[in-house]
*Asks:* 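Sharing a structure with you now.
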Amino acid sequence: MRVGLTGGIASGKSTVSAILRDLGAVVVDADLIAREVVERGTPGLAAVVEAFGDQVLTPEGDLDRAALGAVVFADPDARRRLESIVHPLVHQRGAELEAAAPAGALVVHDIPLLAEGDRAGSFDEVVVVDVPTEVQVERMVRDRGWTREEAEARIAAQAGREERLAIATRVLDNTGTPEELRRAVEELHAELAARP
Ligand code: ADP
């Protein structure tokens, strides 16, 4: 059983992912992998430097995310070039981790931008952690110290709530308490883990 898990920023996706891992699911974390494939000394980082030059490296030789962000932010072609380097590497590593999972494991691919890409159709189930936009803003302000404006700008840069719900086969409502979320995740896990 292969599950895609997504949710807007501060929806509670990482919380859900951690609960699923606790319950025994094998979680493949796309954000984590995206950092690993461009660590110092990787072919991924070499390819990024070949495309964008030494200016995207720190003096220590690590990827300078702020510098790279500045290059691709205003240039859609550069962004596509970067994605064409990083996405296949992330995909390949995700497939390797999945192949290493025990037989019959519930494999959960935690992918923040699942609704923005074209991978949703490749999963048996797509779980979307859902809250109204206002709740996302409140949690970003309360827990992460963002200003309202920063939170709203960040949310606007992602797919909207309706676009995410459009790819969902399961919706986890996270407007209740953390305990209610845990119970809902436990129920979902029990059901999905029982399927072949
Ligand atoms: P995401 O991974 O979607 O960005 P997180 O799982 O990190 O979101 O959750 C965002 C913030 O909201 C965290 O500080 C988390 O503890 C908090 N949070 C998650 N679920 C709830 C909830 N049901 N009630 C209150 N706060 C929550």
Side-chain angles (χ1 to χ4, degrees), residues 2-38 65-66 68-69 72-73 79 83 86-87 90-91 93-94 97-98 106-120 122-193:
R2 304 178 66 245
V3 175
L5 171 67
T6 195
I9 182 166
S11 61
K13 179 189 59 62
S14 305
T15 306
V16 170
S17 177
I19 297 170
L20 287 169
R21 191 180 278 122
D22 266 5
L23 294 170
V26 173
V27 175
V28 179
D29 182 332
D31 262 2
L32 187 67
I33 297 174
R35 288 194 291 274
E36 283 174 2
V37 298
V38 290
R65 282 171 195 285
L68 181 62
V72 301
F73 180 71
R79 178 180 289 262
E83 287 174 350
V86 175
H87 284 182
V90 172
H91 220 112
R93 183 73 187 130
L97 291 172
E98 181 167 337
L106 179 65
V107 178
V108 177
H109 289 262
D110 175 339
I111 307 179
L113 300 183
L114 187 56
E116 288 81 348
D118 56 7
R119 294 180 61 191
S122 69
F123 297 104
D124 300 314
E125 298 277 357
V126 172
V127 176
V128 171
V129 186
D130 179 57
V131 293
T133 305
E134 185 51 32
V135 174
Q136 288 177 276
V137 173
E138 280 165 15
R139 289 184 184 160
M140 289 167 83
V141 170
R142 184 195 67 193
D143 299 335
R144 299 190 185 169
W146 298 55
T147 66
R148 234 192 130 70
E149 291 66 35
E150 286 166 345
E152 282 168 356
R154 196 55 195 273
I155 290 166
Q158 298 191 331
R161 187 179 180 194
E162 297 308 318
E163 289 168 78
R164 261 189 309 278
L165 289 174
I167 63 163
T169 63
R170 300 300 184 110
V171 177
L172 278 173
D173 169 81
N174 187 24
T175 53
T177 64
E179 293 70 34
E180 285 169 325
L181 178 65
R182 173 168 270 276
R183 272 196 298 281
V185 176
E186 283 171 357
E187 272 171 35
L188 181 69
H189 177 269
E191 187 196 327
L192 296 181

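For reference, positions follow the sequence shown, starting with 1. Order of appearance sets the numbers: ligands from 1, and atoms from 1 within every ligand.
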*Asks:* Check step by step if salt bridge (charged side-chain N to carboxylate O under 4.0 Å, His left out) holds for Arg183 and Glu179.
*Replies:* CA-CA 6 Å; Arg183 272 196 298 281; Glu179 293 70 34; over 6 Å; no
*Asks:* Would you check if the side chain of Glu191 reaches a backbone N or O of Leu188 as a donor-acceptor pair within less than 3.5 Å?
*Replies:* no
*Asks:* With a 6.0 Å cut-off (strictly less than), is the heavy-atom count around CZ of Arg2, excluding the residue itself, greater than 12?
*Replies:*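 More than 12 within 6.0 Å, yes.
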*Asks:* Write none if no such pair exists; otherwise list each N/O atom of ligand 1 with its protein N/O partner under 3.5 Å and the distance.
*Replies:*
residue: ligand 1; atom: 2 (O); partner: Ser14; partner atom: N; Å: 2.8
residue: ligand 1; atom: 2 (O); partner: Ser14; partner atom: OG; Å: 2.4
residue: ligand 1; atom: 3 (O); partner: Gly8; partner atom: O; Å: 3.4
residue: ligand 1; atom: 3 (O); partner: Ala10; partner atom: N; Å: 3.4
residue: ligand 1; atom: 3 (O); partner: Ser11; partner atom: N; Å: 3.1
residue: ligand 1; atom: 3 (O); partner: Ser11; partner atom: OG; Å: 3.2
residue: ligand 1; atom: 3 (O); partner: Gly12; partner atom: N; Å: 3.0
residue: ligand 1; atom: 3 (O); partner: Lys13; partner atom: N; Å: 2.8
residue: ligand 1; atom: 4 (O); partner: Ala10; partner atom: N; Å: 2.8
residue: ligand 1; atom: 4 (O); partner: Arg144; partner atom: NH2; Å: 3.0
residue: ligand 1; atom: 6 (O); partner: Ser14; partner atom: N; Å: 3.4
residue: ligand 1; atom: 6 (O); partner: Thr15; partner atom: N; Å: 2.9
residue: ligand 1; atom: 6 (O); partner: Thr15; partner atom: OG1; Å: 2.6
residue: ligand 1; atom: 7 (O); partner: Arg144; partner atom: NH2; Å: 3.1
residue: ligand 1; atom: 8 (O); partner: Gly12; partner atom: N; Å: 3.2
residue: ligand 1; atom: 12 (O); partner: Asp143; partner atom: OD2; Å: 3.3
residue: ligand 1; atom: 14 (O); partner: Asp143; partner atom: OD2; Å: 2.7
residue: ligand 1; atom: 20 (N); partner: Asn174; partner atom: ND2; Å: 3.0
residue: ligand 1; atom: 23 (N); partner: Asn174; partner atom: OD1; Å: 2.7
residue: ligand 1; atom: 23 (N); partner: Gly176; partner atom: O; Å: 3.0
residue: ligand 1; atom: 24 (N); partner: Arg139; partner atom: NH2; Å: 3.3
residue: ligand 1; atom: 26 (N); partner: Arg142; partner atom: NH2; Å: 3.1

*Asks:* Side-chain donor-acceptor contacts of residues 140-147 below 3.5 Å, not counting sequence neighbours, with atom names and distances?
*Replies:*
residue: Thr147; atom: OG1; partner: Glu150; partner atom: N; Å: 3.1

*Asks:* Throw together a table of side-chain donor-acceptor distances under 3.5 angstrom for residues 106-115, partners on residues two or more places apart or in other chains.
*Replies:*
residue: His109; atom: NE2; partner: Glu98; partner atom: OE1; Å: 2.6
residue: Asp110; atom: OD1; partner: Lys13; partner atom: NZ; Å: 2.7
residue: Asp110; atom: OD2; partner: Lys13; partner atom: NZ; Å: 3.4
residue: Asp110; atom: OD2; partner: Ser17; partner atom: OG; Å: 3.0

*Asks:* What residues form a side chain to side chain donor-acceptor pair (under 3.5 Å) with Asp130, not counting sequence neighbours?
*Replies:*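 With neighbours one apart ignored, the set is Arg161.
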